[in-house]
Amino acid sequence: MRYGYFDDAAREYVITRPDTPLPWINYLGQEDYFAMLSNTGGGYSFYRDARLRRLIRYRYNNVPADSGGRALYVRMSDGDFWSPAWQPVRKSLDAYECRVGLGYTRITSTYRSIQCEATFFVPLGQPLEVWRVKLTNQSLSPVELQLFSLVEFCLWDAWDDQTNFQRNFNTGEVEVDEAAGVIYHKTEYRERRNHFAYFACSAPLAGFDTQREAFLGAYRGFDRPAAVEECRCRNSIAHGWSPIGAHQVNVALEPGQSREVIFVLGYAENPRDEKFMVDPHPQPLPLSEGGEAAPFSLAGRRAGDEGQPRLNTSRVQPIIARYTDPAALDAAQADLRQHWDKLLNVYHVATPDEHTNRMVNIWNPYQVMATFNLSRSASLYESGIGRGMGFRDSNQDLLGCVHLLPDRARERLLDLAATQLPNGGAYHQYQPLTKRGNDAVGSGFNDDPLWLVLAVAAYLKETGDGSILDELVPYDLKAAGNLKAAGNLKAAGDNKIGSETPLYEHLQRAIRYTLDRLGPHGLPQIGHADWNDCLNLNCFSSEPGESFQTHSDEGDSTKAESVFIGGLFVLAAREMAGIARHFPHTDEADVYECHANAMAQTVLKHGWDGEWFLRAYDRVGARVGSRECEEGRIFIEPQGMCVMAGIGLESGEAQHALDSVHEQLATPHGIVLHQPPYTRYYLNLGEISSYPPGYKENGGIFCHTNPWVMIAEARLGHGDRALDYYLRINPSVREAMSDVHRCEPYVYAQMIAGRDAPTHGEAKNSWLTGTAAWNLVAVTQWIIGIRPTFAGLQIAPVIPANWPGFTAKRVFRGVTYHITIKRAGDAVSLVVDGHAVQGDVVPLPTDGRKQVAVQVTLS
Ligand code: GLC
Ligand code: GLC
């Protein structure tokens with residue numbers, strides 16, 4: 001069953017009832033300021049770093065789910081009240097619609113003939129979110145309504161905020177400029193913070209609150225605030241406890257009349273020496289009501305700062321003025337639309353399949369941008385306080401979006417490379433705010449550096465910008481041993497000084513990292529883990545609660561080997577050969593080609609199990625992912641990766657491996673990670689066997705891996721199978737069974753419960769997953785088959801038999817290619833602007849043409 005529908009023309013998913021199986025969210029913001037917003041108004045916002053600069057408090061594990069964060073309340077003249085986003089009040093609405101759009105969400109609802117349309121968005125380039133709330137009286141008589149807004153402020157560090165109550169119940173501070181309708185959240189501003197938040201309202205206030213208990217009343221939840229029920233905000237000033245921002249606005253409407261009220265929640269920083277301003281008219285502290293001991297005081301203009309230096313708000317005042325002005329907001333919304341028009345114009349297809357079109361043209365690029373921005377940091381499954389930017393994750397995310405934002409991709413690549421260690425390895429994660437490696441997780445995930453080679457190759461193919469290879473990029477010398485080696489370090493913070501080399505050398509060292517770490521069979525050592533974080537062959541953890549991620553390897557970790565990294569190495573070394581050939585820094589292209597071929601041979605010799613590729617050798621040389629195994633006999637990762645890398649294409653192993661995947665791993669909901677799943681805990685395998693069968697890495701449909709098999713099938717020319725796999729996990733296809741799938745139907749989830757799970761088909765961990773980038777790569781570059789190469793745009797579709805053809809548009813290196821494909825057979829022949837071209841690569845125009853027509857016949 002469905003909970004809404006796709007409106008492709010508007011590029012929206014329209015949710016038609018608020019009680020979706022799980023909160024279905026959208027991300028607002030593209031650069032520095034991000035807001036997560038659900039279809040019932042929940043979620044939180046942050047500036048750059050979801051842990052350290054969190055604006056709104058949000059309670060994971062809350063019941064009911066997704067309450068708190070932001071709220072709107074409308075109070076009717078008779079005292080009845082409701083929430084336009086349904087939560088937190090949850091009154092049964094007469095109409096409800098939530099339009100999830102690109103960078104905005106619009107929730108429209110009606111209750112007792114009052115319509116409320118609330119549009120939420122983050123203007124491009126601004127560190128703030130806007131709520132445009134329009135109330136319309138659809139009844140036949142005049143009404144006097146009260147509109148209340150609410151955000152609960154987080155005291156900045158989201159981890160500290162939910163653990164350090166003995167301090168935090170005392171630190172909360174606010175200021176209120178009642179006349180201007182602005183509530184300032186300035187906790188810790190007096191001391192080390194130069195930043196504050198503001199919550200502004202465009203309308204004259206009938207009241208406000210900044211202390212949560214004052215607004216809600218004791219022992220009440222967000223669903224029944226006393227201030228709303230009694231129609232009387234307390235004008236409270238928070239001193240410690242839990243600062244909130246709540247505005248109360250009177251809205252009188254004649255029949256048919258509408259009125260818009262705008263709220264702006266923003267983040268601001270002041271220069272250190274301009275943090276405060278002097279109050280020319282200090283006001284005495286007002287007495288509290290009836291002299292009772294309330295944890296808040298009543299106050300008038302600019303309350304909360306009596307006797308204290310006042311927050312310098314001069315920089316934000318013009319911003320607030322601008323973004324509470326409807327005309328400026330109309331323009332900002334138009335800009336946002338244009339921004340997405342431009343991005344989505346880069347690659348557009350019209351195939352016979354609506355699910356493919358919808359995902360390729362709208363939702364998949366949209367999700368890929370979210371993964372590029374946020375890596376795995378903040379979603380409803382990633383708390384925002386754990387992982388920063390993942391090295392392997394961000395490199396893979398980039399594969400899916402380098403064509404959309406080449407400049408930002410370039411910067412990201414340099415940041416990533418700067419967390420490499422001198423030995424070529426990499427910090428597994430880094431913090432976006434500091435761009436420093438995360439020591440708790442450290443390094444030693446032996447696949448990590450190879451993804452950088454893939455990502456740089458993708459950037460070079462897309463842009464042709466070889467100058468990136470000459471950029472001087474430092475290494476992180478902080479990791480044990482390296483600090484000493486760099487004896488010239490002055491301060492502990494200078495852990496990179498003097499280590500810069502051209503990016504090209506970073507890539508050389510990345511390749512070298514694998515070659516320096518080969519195991520007994522000549523296959524790459526797995527280290528702490530490869531792509532599969534949960535296959536921990538050197539961990540041997542027996543203590544409950546220990547993190548498999550941070551647990552250090554026990555004993556000799558040079559023995560366990562990964563066939564998957566073997567395949568990845570072949571792919572990366574071939575890319576490296578391509579880079580060396582096209583951007584000649586050295587004459588070592590052949591050397592990399594040789595390394596690739598040698599590793600391919602080793603994989604075929606020691607990594608082939610008879611009917612599929614082996615997964616690994618463990619510490620004592622026992623096979624993992626082999627027909628010899630009782631459980632975990634066949635794994636998806638090496639099949640996809642080795643065939644993608646071209647191993648066994650001619651000699652038949654590739655075909656065999658993919659047939660085995662088809663027979664043993666494919667389910668109607670996608671391809672599972674391995675079979676059979678582990679039914680008990682294996683000390684020598686680690687976290688993978690800690691999950692119940694069918695979930696996550698223990699035989700779940702770990703969607704990230706599925707596109708590898710699609711690409712592998714395409715490499716063998718199997719268009720039917722490739723598209724079939726593609727459609728099995730395509731969110732738009734799965735939309736029809738939203739009650740089973742449960743996550744958002746417009747984006748991929750990391751995992752769908754596997755065939756051995758009692759809840760087979762149920763998705764979890766939507767949004768922030770490498771699935772997004774890889775599926776976009778698989779479908780656009782390998783099935784539809786339009787892919788950038790060093791020499792030009794290659795057009796090599798591998799489409800299903802029942803597609804008679806399709807058209808596509810691709811902007812590549814500033815030229816727009818209008819591509820028409822007609823199918824008779826499989827072999828490609830190209831006609832470019834009326835002239836036949838040999839091969840399947842469209843040469844770059846040499847005469848400055850910006851529009852190129854390409855006719856492709858598959859015959
Ligand atoms: C998660 C991690 C990713 C890893 C995958 C498989 O998605 O973010 O780095 O490769 O799990 O374990
Ligand atoms: C767990 C998850 C895995 C993820 C890892 C990193 O191991 O199962 O998917 O990559 O945590 O946090």
Side-chain angles (χ1 to χ4, degrees), residues 18 37-43 56-58 62 64 66-96 98 105-120 129 131-137 143-153 181 183 199-236 242-253 258-265:
L37 180 74
S38 79
N39 59 310
T40 73
I56 302 183
R57 177 176 292 153
Y58 183 79
N62 212 353
D66 196 34
S67 41
R70 310 174 181 82
L72 286 169
Y73 305 88
V74 180
R75 187 182 194 276
M76 317 292 269
S77 359
D78 62 1
D80 189 10
F81 59 90
W82 53 291
S83 284
W86 186 55
Q87 293 225 76
V89 179
R90 285 187 301 281
K91 281 266 162 70
S92 195
L93 301 169
D94 300 324
Y96 164 92
C98 171
T105 288
R106 178 174 304 121
I107 301 176
T108 310
S109 52
T110 312
Y111 182 73
R112 292 178 49 198
S113 302
I114 302 300
Q115 189 194 59
C116 177
E117 180 191 282
T119 305
F120 302 83
E129 67 186 71
W131 313 0
R132 296 188 81 162
V133 182
K134 190 167 95 187
L135 290 166
T136 304
N137 179 4
V143 288
E144 297 206 349
L145 307 171
Q146 308 277 323
L147 175 65
F148 296 82
S149 69
L150 173 77
V151 295
E152 187 181 10
F153 292 112
I183 293 166
F199 190 36
C201 174
S202 66
L205 299 190
F208 66 87
D209 270 305
T210 67
Q211 181 60 276
R212 193 184 67 210
E213 290 338 304
F215 182 76
L216 296 183
Y219 292 95
R220 283 172 178 247
F222 293 105
D223 57 336
R224 213 164 50 90
V228 178
E229 209 170 77
E230 296 165 22
C231 197
R232 189 171 62 92
C233 272
R234 270 58 171 171
N235 292 7
S236 59
S242 308
I244 60 164
H247 304 101
Q248 177 180 351
V249 177
N250 295 332
V251 184
L253 295 174
S258 295
R259 181 159 156 217
E260 183 173 65
V261 180
I262 296 157
F263 300 97
V264 178
L265 174 66

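When reading the values below, keep in mind they use all heavy atoms of this one structure, side chains included, and skip hydrogens, waters and symmetry mates.
Screening Val261, Val264, Thr119 against Arg132 for a side-chain contact (heavy atoms from CB on, under 4.5 Å) leaves a single residue, Thr119. For the pairing with Tyr111, the ring pair (Phe, Tyr, Trp, His ring centres under 6.0 Å) check across Trp86, Phe81, Trp82, Tyr96 returns one residue only, Trp82.
Distance alone, capped at 3.5 Å, places no donor-acceptor pair between the His247 side chain and the Ala203 backbone. The main-chain N or O of Pro88 is never found under 3.5 Å from a side-chain atom of Asp223 such that the two would form a donor-acceptor pair. A distance-only check finds no donor-acceptor pair linking the side chain of Arg224 to the backbone of Phe222 [under 3.5 Å]. No donor-acceptor pair under 3.5 Å is formed between the side chain of Ser149 and the backbone N or O of Ala246. Without hydrogens or angle criteria, Asn235 side chain to Phe208 main chain gives a donor-acceptor distance under 3.5 Å.
Distance check, rounded to the nearest 0.5 Å: CD of Glu129 to CD1 of Ile56 gives 5.0 Å. For the atom pair Gln248 CD and Arg75 CZ, the distance stands at 8.5 Å (nearest 0.5 Å). If you take CG on Leu93 and CD on Gln115, they are separated by 11.5 Å, rounding to the nearest 0.5 Å.
Under the rule for a salt bridge (charged side-chain N to carboxylate O under 4.0 Å, His left out), Arg106 has no partner lying at least two apart in sequence or in another chain. Remark: Glu152 engages Arg57, Arg59, Arg212 in a salt bridge (charged side-chain N to carboxylate O under 4.0 Å, His left out) (not counting sequence neighbours). Every side-chain contact (heavy atoms from CB on, under 4.5 Å) that Thr105 has, sequence neighbours left out, goes to Asn26, Leu28, Leu37, Cys98, Ile107. Residues meeting the salt bridge (charged side-chain N to carboxylate O under 4.0 Å, His left out) test with Arg220, sequence neighbours left out: Glu229. Scored by the salt bridge (charged side-chain N to carboxylate O under 4.0 Å, His left out) test, Lys134 finds no partners at all (sequence neighbours excluded).
In this structure, Tyr58 and Gly43 approach most closely via the heavy-atom pair CE1-N, 3.2 Å. Minimum interatomic distance between Phe148 and Cys231 (heavy atoms only, all atoms of both residues): CZ-CA, 4.3 Å. Taking both residues in full, the closest heavy atoms of Cys201 and Val249 are given as SG-CG2, 3.7 Å, listed atom of the first, atom of the second, then distance. Contact record, Gln87 with Ser83: O-CB, 3.1 Å, taken as the closest heavy-atom pair. Nearest heavy atoms, Ser113 versus Asp94: N-OD2, 4.4 Å. Residues Pro84 and Ser109 share a closest heavy-atom pair of O-OG, 2.7 Å.
The environment of CD in Glu230 is crowded: more than 12 heavy-atom neighbours from other residues, nucleotides or ligands sit within 6.0 Å.
With 3.5 Å as the limit, one finds a donor-acceptor pair spanning the side chains of Asp209 and Ser236.
Within the structure, every pair that satisfies the salt bridge (charged side-chain N to carboxylate O under 4.0 Å, His left out) test and touches residues 107-120, not counting sequence neighbours, is listed here: Asp78-Arg112, Asp80-Arg112.
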Check against side-chain contact (heavy atoms from CB on, under 4.5 Å), Trp131 and Phe199 | CA-CA 11 Å; Trp131 313 0; Phe199 190 36; 3.9 Å; yes
Evaluate the criterion side-chain contact (heavy atoms from CB on, under 4.5 Å) for residue pair Val228 and Val89; output intermediate values, then yes/no.
-> CA-CA 11 Å; Val228 178; Val89 179; over 6 Å; no
Please report the C-alpha distance between Gln146 and Asn250 in whole Å, then the side-chain angles of each, then the deciding distance to 0.1 Å, and finally whether the side-chain contact (heavy atoms from CB on, under 4.5 Å) criterion is met.
-> CA-CA 5 Å; Gln146 308 277 323; Asn250 295 332; 2.6 Å; yes
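Ring geometry for Phe215 versus Tyr73: interplanar angle of 30 to 60°, hence tilted.
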